[in-house]
Amino acid sequence: MTTAPAQHPALPERPTLDGLEEKWGAVWQQQGTYAFDRERALTLPREQIFAIDTPPPTASGSLHMGHVFSFTHTDCMARYKRMLGHEVFYPIGWDDNGLPTEKRVQNYYGVRGDATLPYVENFEPPHRGTATSTKSAHEVPISRANFLELCEERTVEDEKSFESLFRRLGLSFDWQQTYRTIDDFSRATCQWAFIRNVQRGEAYQSEAPGLWDVTFQTAVAQAELEARDYPGHYHRVAFHAEDGPLHIETTRPELIPSVVALIAHPDDERYAARFGTTVTSPLFGVEIPVVAHPAAEMDKGAGIAMCCTFGDLTDVLWWRELQLPTRSLITRTGRMHHENPEWLVGTPGEQLYAEQIAGKTAYGAREAIVALLRESGDLDGEPTPTQRKANFYERGEKPLEIVTTRQWYIRNGGRDAALNAELVARGDEIAFHPAFMRSRYANWVAGLNGDWLVSRQRFFGPTIPVWYPLDEDGEPLWDNYILPTEEMLPIDPMADAPPGYTEDQRGKPGGFVGDPDVFDTWATSSLTPQIALGWRRDDELFGHLFPMDLRPQAHDIIRTWLFATVVRAHWEHGTIPWTDAAISGFILDPDRKKMSKSKGNVVTPEDILKEHSTDAVRYWAASGRLGTDAAYDVGQMKVGRRLAIKLLNATKFALSFGEVEAFGEVEGDLRAAVTEPLDLAMLAGLREVVEKATAGFESWDYTRSLEITEAFFWTFCDDYLELVKDRAYGGQGEGPAASARAALRLGLDVLLRLLAPIQPYTTEEVWSWWHEGSIHRASWPTAEELPEGGDATMLASVGAALAAVRKAKSEAKVGMRSEITALTLTGPHAALEQIRAAADDLRAAGRITAEPQYAAGEAIAAADVELIPAEKRAG
RNA sequence: GGAUGUGUAGCUCAGUUGGUUAGAGCGUUCGCUUCACACGCGAGAGGUCAGGGGUUCGAGUCCCUUCACAUCCA
């Protein structure tokens, strides 16, 4: 029930948006306005809780308008749910681990992690943000532990700038519900979830050819790949057979020493006679078979390809399906093996390899081999330039190599059709907003071709909690791996000894070694629901709130973050991790280009917020629908700013007419004071607005809700407020004045609450002028709280009559103060009746001094207007 | 090449199960110091709904097709 306080509202002389962020930000923080009430949540039925799996920003990453955009979307929903009375669980975490942080630390401090170095006490890095060179030669190698200390230092600092932005943006997080993906609890959660996967057979280790980044020297997963055009040259090279040369075309002649087969398409007539025969490789003289496989592309190059284990993923396919030998040449550093490969022993190529190839980079080896081919006459013609698609690590600059390594994998349906179908079905259980984003998910899952590789040969991340016993010769017994117990977590197998061993047995025959790797960053962030809700730490809360309600995120990481989270929840809990996924689009610059640092078109969000005010920027963000890319549009921010200022001024004006009680009989219930048909008409229109605005939020369309409310608010200001202001001042007596004042208050009370999720600062400021408590803890408006009995079309009719009067003055090019001494209003009969019923309001607003004439007509219009131009004021 | 989305006023975008003359804001033009707001108010101009074909009494909306753009995956 809306009640008017006894004292006159304290209205500011000249309301302003300036300073509202500081003023209300401090109040919200101090009063815990957005605090999550765990005890209340546990007593509520699940459907009255709204739990959000907030995206933890990469602390070392840059702040950009995309953060402002998507976080505002989620915050609008969170605020709506909170006003509905839901207990909102809205945590904020920081994604610290991973390569972005390592790169930032390397550049910021001028250091490089080196696992072979010992820890140095009180290490002082050469730079703190002052490094001028990013060349690795200028980086100081430091121990893993020292490196981790610097990662820790840097991320804590970087988090502060995010916090500052998020607070100014007015995000209604509970800042007590925070986590860092590198903190002890997150690491323990990550390790324990993995151990459970291992124990149930959902994770396994395998020695297999995999994608490898030679720059970062780490394995890379399918989800981190990026196919890019990469310039190369086709080299037409002759292989030798008894009946003459067989030419192939290759972009990677340096791999000729490791060729294991020549492969053509089974339907390719040109090579049909060759299948089953052998040829010898040029220079090296290794005998290899010519075989058929449908993956050979007939129209590419010569139509016959050399298979090297391994040059690319097709080689891996052939190697697996045709059971070809493994002849690995490229090492983890990207250089050719130093030792002579055993398959070259005794061939003409043995000496050649040792002298010309061993230890060279792939590029150097290529140059050498091309020169040798030219010399031997096996190079046919000159190399011709070509563009090929090569796989890159998304953060890397060199094409990935394929290297055989021992790694850990989590099963994700990439090698198991039944599991794949189950995971696709999980996607069907989740409501995507917008719904078409489910296709992204389904396409990705269906297209997987391998399990999820989680080992990374990096530093800053939860360690893989596994030890391997060593046999009497000091060789690891991989399959007898040792896992820690739950109480030990988090552990570092490179620093902690496994159960039953002591540290001095590390690396000794009969002792143990630790797995040196860390987890893929998604292996931790795929557990954000578990981390945020305190799985294993607060099982009561976790049990009640999991699965959560909402995962908000951008569409580019559906294949990574969203999918990985689904995989982990599927294995550990047998459920989806949340019921809804809200997918935000990207921010494009005005030229419709994606904004990015490399394009130099980024703007600094905090500056934008200060320049336009938070509520203005939030208005822009809330004007972008889920799933739709949005333009960075200063114009929209200005519109939002105008709306906010209008809220200030209109509310001040509406309250300034005086208290409703002054006219007696009201007894606090404003609804009883609303008696005039025009006032009831306005409120009837608002009842419809409340229903539509609520329906908008319910269908995750906060933009629709905003549009509906905003449009009504402008009509409220331009037409209704103009029509009733004379009456509200008392121009028609006390009862009609009370009706207008009460209707204005009721209307604004509802309008402010409808806009509160979008413009939290302005609505809070205005609300405070005549209410106790935060608007953000007030209840979401309902149609029922407004009086019935009005006819919403009446305001439209009277408003149209007012517009007709204004048009007459505008066309006469006179001021709106000009007096109208005669006019005829035309329109449909019903509309004229409505206008007649509000004739006094219309005459006051239009300065119509004569009694208007009424005449039937099609549209509402003013005719036969006589007016006296207002005297122009001096100055 | 595949998937998904988009194409409506100069710009940014709405347009519900198909239903009068296709809407809003910005910008633009003209006018107005009107006792909340000049960060304001009022009025006007501005569209072959990407092209073509079809279904229908009726299509921006449904179907087919072509084109363009974007994103993701090959």
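Chain A is the first sequence line, chain B the second, and so forth, proteins listed ahead of strands; every chain is numbered from 1.
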_Side-chain heavy-atom pair A:Arg806, A:Met816 within 4.5 angstrom cut-off_ =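 A side-chain contact exists here, since the closest heavy-atom pair is under 4.5 Å.
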Nearest whole angstrom, please: distance from the [atom2] of [N] to the [atom1] of [X].
{"X": "A:Asn391", "N": "B:rA74", "atom1": "CG", "atom2": "C1'", "result": "10 Å"}
{"X": "A:Leu317", "N": "B:rA74", "atom1": "CG", "atom2": "P", "result": "15 Å"}
{"X": "A:Asp701", "N": "B:rC13", "atom1": "CG", "atom2": "P", "result": "15 Å"}
{"X": "A:Arg847", "N": "B:rC35", "atom1": "CZ", "atom2": "C1'", "result": "9 Å"}
{"X": "A:Arg438", "N": "B:rC72", "atom1": "CZ", "atom2": "C1'", "result": "17 Å"}
{"X": "A:Asn443", "N": "B:rG1", "atom1": "CG", "atom2": "P", "result": "18 Å"}
{"X": "A:Lys813", "N": "B:rA43", "atom1": "NZ", "atom2": "C1'", "result": "9 Å"}
{"X": "A:Gln553", "N": "B:rU71", "atom1": "CD", "atom2": "P", "result": "19 Å"}

Roughly how far apart, to the nearest Å, are [N] and [M] at atom [atom1]?
{"N": "B:rU12", "M": "B:rA50", "atom1": "P", "answer": "15 Å"}
{"N": "B:rG25", "M": "B:rU71", "atom1": "P", "answer": "32 Å"}
{"N": "B:rU65", "M": "B:rU55", "atom1": "C1'", "answer": "15 Å"}
{"N": "B:rA43", "M": "B:rC26", "atom1": "P", "answer": "13 Å"}
{"N": "B:rU66", "M": "B:rA3", "atom1": "P", "answer": "13 Å"}
{"N": "B:rC72", "M": "B:rG10", "atom1": "C1'", "answer": "32 Å"}
{"N": "B:rG15", "M": "B:rC62", "atom1": "C1'", "answer": "16 Å"}
{"N": "B:rU28", "M": "B:rG46", "atom1": "C1'", "answer": "9 Å"}

*Comparing A:Ala223 and A:Ser439 on RNA chain B - which has the more 5′ nearest nucleotide*: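 The residue mapped nearer the 5' terminus is A:Ser439.
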_Residue whose nearest RNA chain B nucleotide is more 5′ - A:Glu811 or A:Thr651_ =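 Whichever sits nearer the 5' end wins; that is A:Thr651.
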*asked:* Need one value for A:Gly447: base, sugar-phosphate or nothing, where a base atom within 4.0 Å counts as base even if backbone is also close, heavy atoms only.
replied: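 Nothing: the residue A:Gly447, judged by heavy atoms under 4.0 Å, touches no strand.
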*Using a 4.0 Å heavy-atom cut-off across all strands, classify A:Arg625 as base, sugar-phosphate, or nothing.*
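Result for A:Arg625 = sugar-phosphate.
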*Once the angle between the rings of A:Phe69 and A:Trp620 is folded into 0 to 90°, is it parallel (under 30°), tilted (30 to 60°) or perpendicular (over 60°)?*
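The arrangement is tilted - the two ring planes meet at 30° to 60°.
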*asked:* Quick one: does any side-chain atom of A:Trp318 pair with a main-chain N or O of A:Cys307 as donor and acceptor, under 3.5 Å?
replied: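 No; zero donor-acceptor contacts below 3.5 Å.
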*Verify, without hydrogens or angle tests, whether A:Arg438 (side chain) and A:Gly427 (backbone) share a donor-acceptor contact under 3.5 angstrom.*
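Checking the backbone N and O of A:Gly427 against the side chain of A:Arg438, a donor-acceptor pair under 3.5 Å is found.
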*Residues A:Arg551 and A:Thr565: side-chain donor-acceptor under 3.5 angstrom*: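 Judged by distance alone, the side chains do pair up.
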*For the residue pair A:Asp749 and A:His771, confirm or rule out a side-chain donor-acceptor distance under 3.5 Å.*
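A:His771 and A:Asp749 do have a side-chain donor-acceptor pair below 3.5 Å.
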In the strands shown, is [N] matched to any nucleotide by a Watson-Crick or G-U wobble pair with both distances under 3.5 Å, and which?
{"N": "B:rA14", "result": "none"}
{"N": "B:rA45", "result": "none"}
{"N": "B:rU6", "result": "B:rA68"}
{"N": "B:rC39", "result": "none"}
{"N": "B:rG19", "result": "B:rC57"}

*Does the distance from a Lys or Arg side-chain N to an Asp or Glu carboxylate O, for A:Asp679 and A:Arg727, drop under 4.0 Å?*
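Yes.
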*Return no unless some side-chain N or O of A:Arg440 is found under 4.0 Å from OP1 or OP2 of B:rU71.*
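For B:rU71, OP1/OP2 do not have a side-chain N/O of A:Arg440 under 4.0 Å.
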*Compare side-chain N and O positions of A:Tyr729 against OP1 and OP2 of B:rA36 and report whether any pair is under 4.0 Å apart.*
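True: A:Tyr729 side-chain N/O within range (under 4.0 Å) of B:rA36 OP1/OP2.
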*Could you walk me through whether A:Phe436 and A:Phe432 pass ring pair (Phe, Tyr, Trp, His ring centres under 6.0 Å), step by step?*
CA-CA 7 Å; A:Phe436 68 77; A:Phe432 283 81; 10.0 Å; no
*Starting at the 5' end of nucleotides 37-42 of chain B, put B wherever the base has a protein heavy atom under 4.0 Å, S where only the sugar-phosphate does, and a dash everywhere else.*
BSBSSB
_Candidate pair A:Thr763 and A:Leu647, rule side chain to side chain contact (heavy atoms under 4.5 Å, CB included), full reasoning_ = CA-CA 8 Å; A:Thr763 52; A:Leu647 280 170; 4.3 Å; yes
*Ignoring the backbone of A:Arg817, work out which of B:rU34, B:rU16, B:rG5 is nearest its side chain.*
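Out of B:rU34, B:rU16, B:rG5, the nucleotide with an atom closest to A:Arg817's side chain is B:rU34.
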*Minimum-distance nucleotide to A:Asp633 side chain [options: B:rA3, B:rG31, B:rU12]*: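 In terms of side-chain proximity for A:Asp633, the closest of B:rA3, B:rG31, B:rU12 is B:rU12.
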